[in-house]
Amino acid sequence: MMDTLKIIVSTGGTGGHIFPALAVADEIKRKYPNAEVLFAGSLYGKEKELCRKHGLDFYGLNVRGIKGRGLKAISALFAMSKAILESCRFLKKYKPHAVIGFGGYACFAMLLAAKLRGVPTMIHEQNAVAGLANAILAKLVDTVCLSLPDTQKQFNPEKCVLTGNPIRHEIANVKKENKDYTELLVMGGSLGAVAINSLAVQLLGTLRDNNIHIIHQCGEKDYARVAEAYKSHGYSQAEIDTMLFPFIDNMAEAYAKADFALCRAGATSIAELAATKTPALFIPFPYAANDHQTANAQSIVSRSGAIMVKESDIKQYPMDKIILSILQSKAELSEMAENIGKSAQKNAAENVVVELDNLLQKKRQS
Ligand SMILES: CC(=O)N[C@H]1[C@@H](OP(=O)(O)OP(=O)(O)OC[C@H]2O[C@@H](n3ccc(=O)[nH]c3=O)[C@H](O)[C@@H]2O)O[C@H](CO)[C@@H](O)[C@@H]1O
């Protein structure tokens with residue numbers, strides 16, 4: 001009889017890495033109800049809290065980002081070396097059948113340790129341009145799962161499989177609500193975005209005058225400022241509580257209501273917008289490594305499922321008129337919704353787990 005299947009999924013930092021990992025953890029448990037899935041991440045990101053909410057066991061590593069942190073990078077590098085040793089010791093005890101990484105510094109130590117200990121390894125890249133951790137790990141791991149076909153050019157194509165970007169089951173199954181008004185979803189990625197919040201606040205008068213509802217995720221740090229701005233537009237705290245959120249736990253409900261989104265161009269947000277047929281205006285995060293958010297949005301924009309404006313150009317354009325004209329045209333909204341829907345890859349979590357099966361089978365035969 002085979003031992004209990006034990007898989008480690010590893011990543012961290014922000015939602016765009018963590019939610020695809022959680023979606024794959026769910027799919028492993030759905031397919032193998034007796035499997036043990038452990039989430040390994042940094043002690044300092046959002047992953048610990050999200051795992052707790054998700055009911056997944058969590059193994060915390062004392063690691064922080066290295067790139068762009070000046071002198072602090074030296075202590076971060078030291079912590080990373082310690083985390084690699086600690087991961088090696090942990091793997092020796094835990095004996096997983098495979099480790100799957102979803103990018104970000106938080107998974108680097110665990111994946112490298114798995115490689116050193118001869119544990120089968122896979123990574124998943126969400127973005128059109130790979131991040132630093134995945135770019136290095138791709139050279140070492142057995143399988144590289146990709147969300148977008150062009151990313152293959154950055155890796156050894158023989159290791160690459162196009163799986164799509166895994167999204168939460170409830171989001172993949174969203175049914176749009178029928179309403180007699182239009183609703184705008186504003187979101188700035190998992191942490192919120194000040195520039196998007198400021199633009200949304202400028203639109204408040206126009207939206208209210210045209211009976212357009214808003215559901216707005218603004219991030220923890222900007223909540224007080226944005227709530228004040230809502231108040232100065234005449235909204236009561238009770239109204240604000242139904243419209244403005246530091247973080248939205250139930251994104252499936254938000255997508256079910258949304259006719260259009262004003263947002264960053266994080267890869268996982270884009271995968272969810274496509275799966276829920278929610279067209280968008282993307283304002284990519286201008287400091288994203290290698291401008292990967294612009295690259296993430298490009299194929300959807302070229303298919304007319306979304307429009308894109310650079311953050312530095314916001315002031316040059318009559319943003320209220322541009323957004324209002326789309327929100328007021330049912331025909332344009334529905335054409336854009338169909339177009340963005342063509343990029344949906346709703347089976348991405350299943351595809352990643354099929355690759356996991358293939359890898360385990362290959363290792364059993366070798
Ligand atoms: C600044 C930066 O480098 N951001 C990166 C980070 O973005 P970030 O972590 O912001 O990720 P994404 O925008 O891709 O995804 C956000 C995720 O958080 C969820 N969510 C968001 C808001 C909320 O209130 N509730 C909620 O559940 C969304 O549903 C989605 O699942 O990882 C992405 C995926 O690697 C990258 O493409 C982004 O470029």
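Numbering of ligands and ligand atoms starts at 1, following listing order. Predicted model, so just to flag it, every value in this text is computed and none were measured.
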Can you report which non-hydrogen protein atom sits closest to [atom], along with the distance?
atom: atom 11 (O) of ligand 1; value: Gly16 CA, 3.0 Å
atom: atom 25 (N) of ligand 1; value: Ile248 O, 2.8 Å
atom: atom 14 (O) of ligand 1; value: Thr268 N, 2.7 Å
atom: atom 36 (C) of ligand 1; value: Asn127 OD1, 3.3 Å

Counting heavy atoms only, name the option from [options] that's nearest to [atom].
atom: atom 9 (O) of ligand 1; options: Leu22, Leu191, Thr14; value: Thr14
atom: atom 22 (C) of ligand 1; options: Glu272, Gln217, Arg168; value: Gln217
atom: atom 8 (P) of ligand 1; options: Gly13, Ser190, Gly266; value: Ser190

field: Asp241 side chain to Tyr235 side chain, donor-acceptor N/O pair below 3.5 angstrom
entry: no
task: State, yes or no, whether a side-chain contact exists between Leu185 and Leu262 at a heavy-atom distance under 4.5 Å.
output: no
- request: Using a 4.5 Å cut-off on heavy atoms from C-beta on, say whether the side chain of Ser269 contacts that of Met187.
  value: yes
Looking only at heavy atoms, which two atoms of [X] and [Y] are closest? And how far apart?
X: Val201; Y: Tyr230; answer: CG2-CE1, 4.5 Å
X: Ile270; Y: Ala265; answer: CD1-O, 3.6 Å
X: Ala344; Y: Ala274; answer: CB-O, 3.6 Å
X: Leu333; Y: Ile326; answer: CG-O, 3.5 Å

In ligand 1, which numbered atoms sit nearer than 4.0 Å to a non-hydrogen atom of [X]?
X: His292; value: 36 (C), 37 (O), 38 (C), 39 (O)
X: Phe19; value: 17 (C), 18 (O), 19 (C), 27 (O), 31 (O)
X: Asn296; value: 37 (O)
X: Phe285; value: 1 (C)
X: Gln293; value: 4 (N), 38 (C), 39 (O)
X: Ser269; value: 12 (P), 13 (O), 14 (O), 15 (O), 16 (C)
X: His17; value: 35 (O)
X: Gly15; value: 9 (O), 17 (C)

message: Measuring from non-hydrogen atoms of Arg264 to any atom of ligand 1, is the shortest distance under 4.0 Å?
response: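 In this structure, Arg264 fails to qualify as a contact of ligand 1 - no heavy atom is under 4.0 Å.
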field: Pair Lys362 + Asp142: basic N to acidic O under 4.0 Å
entry: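 Between Asp142 and Lys362 there is no salt bridge, as every charged N stays at least 4.0 Å from the carboxylate O atoms.
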- request: Salt-bridge test for Arg225 and Glu228: reply yes if a basic N is under 4.0 Å from a carboxylate O, no otherwise.
  value: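 Judged by the 4.0 Å cut-off on N to carboxylate O distance, Arg225 and Glu228 do not form a salt bridge.
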His17 and Phe102 aromatic centres sub-6.0 Å: no
query: What salt bridge (Lys or Arg N to Asp or Glu O under 4.0 Å) pairs are there with at least one residue in residues 247-272, not counting sequence neighbours?
result: Lys53-Asp249, Arg168-Glu272, Glu177-Lys257, Lys179-Asp259, Arg264-Glu311
field: Nitrogen or oxygen atoms of Ala267 and ligand 1 under 3.5 Å apart
entry: yes
